[in-house]
Amino acid sequence: VQLQASGGGLVRAGDSLRLSCAASGRTFSDYVMGWFRQAPGNEREFVATIDRSGTNTYYADSVKGRFTISRNYAKDTVYLQMHALKPEDAALYYCAARRGPMSVEQSTYEFWGQGTLVTVSS
């Protein structure tokens, strides 16, 4: 499956932003989807994941209550709605896909998008 992330940009602390990740090439509903991020000088880290049915989600503690992952089957797209953004949320955000159960481990994801940059000014 091919993944194309978009929606990044420069925002102020406290603002909201929605990232999108369009999937193509395979059956979207066959894949668990995840969002990861990597800030300069840091390792890539897990942000959120959603199961194939869209029923179950799981978040990193650092974003819980502020970020929401969702998916639209008509558009084969997964979203990451981000609210109350903080400077520490600034990173390159990646979407990823995997078959099998939900996972927070990036090594278990088979397909990756190119990343979209989120910059948060204080």
> Do Tyr73 and Thr27 have side-chain atoms, one donor and one acceptor, less than 3.5 Å apart?
Replying inline: no
Could you pull out the closest heavy-atom pair between [X] and [Y], with the gap in Å?
| X | Y | value |
| --- | --- | --- |
| Ala23 | Phe28 | CB-CD1, 3.6 Å |
| Met33 | Ala97 | SD-CB, 3.6 Å |
| Pro87 | Ser122 | CG-CB, 3.9 Å |
| Ala48 | Tyr59 | CB-CD2, 3.6 Å |
| Ala96 | Tyr109 | CB-CD2, 3.5 Å |
| Ile50 | Met102 | C-CG, 4.3 Å |

Say you draw a straight line from [atom1] of [X] to [atom2] of [Y]; how long is it, rounded to the nearest 0.5 Å?
| X | Y | atom1 | atom2 | answer |
| --- | --- | --- | --- | --- |
| Leu19 | Cys95 | CG | SG | 9.0 Å |
| Asp51 | Ser29 | CG | OG | 11.5 Å |
| Tyr79 | Arg71 | OH | CZ | 11.5 Å |
| Ser24 | Gln2 | OG | CD | 4.5 Å |
| Asp15 | His83 | CG | NE2 | 11.5 Å |

>> Working note: Arg66 + Asp89, criterion salt bridge (charged side-chain N to carboxylate O under 4.0 Å, His left out); need CA distance, chi angles, decisive distance, verdict.
In response: CA-CA 11 Å; Arg66 299 187 298 120; Asp89 294 319; 2.7 Å; yes
> How are the rings of Trp112 and Phe36 set relative to one another: parallel (under 30°), tilted (30 to 60°) or perpendicular (over 60°)?
Replying inline: tilted
> With under 30° as parallel and over 60° as perpendicular, where do the rings of Tyr93 and Phe67 fit, or are they tilted in between?
Replying inline: tilted
> Just one of Arg98, Arg99, Arg26 clears the salt bridge (charged side-chain N to carboxylate O under 4.0 Å, His left out) bar with Glu110, so which one?
Replying inline: Arg99
> Residues two or more places apart in sequence or in another chain: which of them pass salt bridge (Lys or Arg N to Asp or Glu O under 4.0 Å) with Arg18?
Replying inline: none
>> Tell me every residue that passes salt bridge (Lys or Arg N to Asp or Glu O under 4.0 Å) with Glu88, counting only those two or more places apart in sequence or in another chain.
In response: none
Report yes if the side chains of [X] and [Y] come closer than 4.5 Å at any heavy-atom pair, otherwise no.
| X | Y | answer |
| --- | --- | --- |
| Cys21 | Trp35 | yes |
| Tyr94 | Arg44 | yes |
| Ser70 | Gln81 | no |
| Glu45 | Arg37 | yes |
| Thr119 | Val11 | no |
| Leu80 | Val47 | yes |

> Would you say Thr77's side chain and Lys75's backbone share a donor-acceptor pair under 3.5 angstrom?
Replying inline: yes
> Does the Glu43 side chain pair with the main chain of Gln38, one donor and one acceptor, at a distance under 3.5 Å?
Replying inline: no
> For Tyr58, does the OH atom sit with more than 12 other heavy atoms under 6.0 Å from it, leaving out its own atoms?
Replying inline: no
>> Between Val63 and Met82, is the side chain to side chain contact (heavy atoms under 4.5 Å, CB included) condition met? List the steps.
In response: CA-CA 8 Å; Val63 307; Met82 306 184 291; over 6 Å; no
>> Starting from Phe46, can I reach Leu92 by hopping between I/L/V/M/F/W/Y residues whose side chains sit under 4.5 Å apart?
In response: yes
